[in-house]
Amino acid sequence: MLSYLCLNWALLVLFTGPAVSELAVIGEVGQDVTVPCHYSVRDRNGITSMCWGRDRCPNSKCSRPIIWTDGWRVTEQHSSRYQLKGDLHSGDVSLTIVDAREADSGIYCCRVEVPGWFNDQLINHKVVIMKARISTASPHTHTSEQTSAPGSSSEPSFTDTRTWPSVSASEAPQTASAPCSGTSDCLDVTANLQNTSVSLPSQQHPELGLYIGVGSCAALLLILILALFLT
């Protein structure tokens, strides 16, 4: 019975593998992105090797490895854009992606090789590299104000608004008339204008003729009376 339980435990460990944690890291294009990974170092004997890979952590080693270290220095480096800038001797094996690109997005595996069966420390990181944000702030509008020079007098400006009474079409003066339809119509219009211009003086002073007639009659009457007295 005991051997059966031990066999089941061994098969379970072989097929499931060690426990793997997963974290998410978000960065921007053109920036340096650091993917964290640490392990505990108690003394110099605790320093160990590790690797970074561009895929989920397999049962051993790293899939598509990009950088290796023996715990003291970097032993293999796929690109100069992948660097270990932390203190390796203290267990800081964080990965720094220099000048990140959108193509750097994906799954990264940090595998710290700990002596013993199935003791490796595994961490899967989901890295997302996004485009840089574009500012949407509205532009400032600067309005300059003119000020008078020192010593000069400035007069406030006034706006004179006048409202003129409206004139109806019937009250508006007629400046133009329709063209004559024929020669006879034009002659009639000319004759009417002449008659109107001739009759205007008599219409303007009707009392003047009356005063002249009365004065003439009075003068004649006075002459007759004087002639009777003389004779």
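Quick note: residue numbers are just sequence positions, from 1. Note that this is a predicted model, so its numbers are computed, not measured.
In this structure, Arg111 contributes its side chain and Pro58 its backbone to a donor-acceptor pair below 3.5 Å.
Cys62 has its SG atom within less than 2.5 Å of the SG atom of Cys51.
Residues passing the ring pair (Phe, Tyr, Trp, His ring centres under 6.0 Å) test with His78: none are found, sequence neighbours excluded. A search for salt bridge (charged side-chain N to carboxylate O under 4.0 Å, His left out) contacts involving Arg64 returns nothing, not counting sequence neighbours. Listed by chain and number, the residues in a side chain to side chain donor-acceptor pair (under 3.5 Å) with Thr34 amount to none (sequence neighbours excluded). In this structure Arg56 satisfies the side chain to side chain donor-acceptor pair (under 3.5 Å) test together with Glu22, sequence neighbours excluded. Asp92 meets the side chain to side chain donor-acceptor pair (under 3.5 Å) test with His38, Ser94; sequence neighbours excluded.
Annotation: side chain of Glu113 is in contact with side chain of Lys61 (closest heavy-atom distance under 4.5 Å).
The distance from atom CG of Leu220 to atom OG of Ser216, rounded to the nearest 0.5 Å, is 7.0 Å. The distance from the CD1 atom of Ile107 to the NE2 atom of His125 is 10.0 Å, given to the nearest 0.5 Å. For the atom pair Glu102 CD and Met130 CE, the distance stands at 9.5 Å (nearest 0.5 Å). Rounding to the nearest 0.5 Å gives a distance of 12.0 Å between OG1 of Thr96 and CZ of Arg81.
Minimum interatomic distance between Cys109 and Asp55 (heavy atoms only, all atoms of both residues): CB-O, 3.0 Å. For the residue pair Glu28 and Ala100, the shortest heavy atom distance occurs at O-CB, 3.9 Å. For Asn119 against Gly116, the heavy-atom pair with the smallest separation is ND2-CA, 3.2 Å.
Hydrophobic cluster membership for Leu84: Val25, Val29, Val33, Val35, Tyr39, Val41, Ile47, Met50, Trp52, Ile66, Ile67, Trp72, Val74, Tyr82, Leu88, Val93, Leu95, Ile97, Tyr108, Val112, Val114, Val127, Ile129 (Ile, Leu, Val, Met, Phe, Trp, Tyr linked by side-chain heavy atoms under 4.5 Å, directly or transitively).
No path of Ile, Leu, Val, Met, Phe, Trp and Tyr side chains, each step under 4.5 Å between heavy atoms, connects Leu230 with Leu222, placing them in separate hydrophobic clusters.
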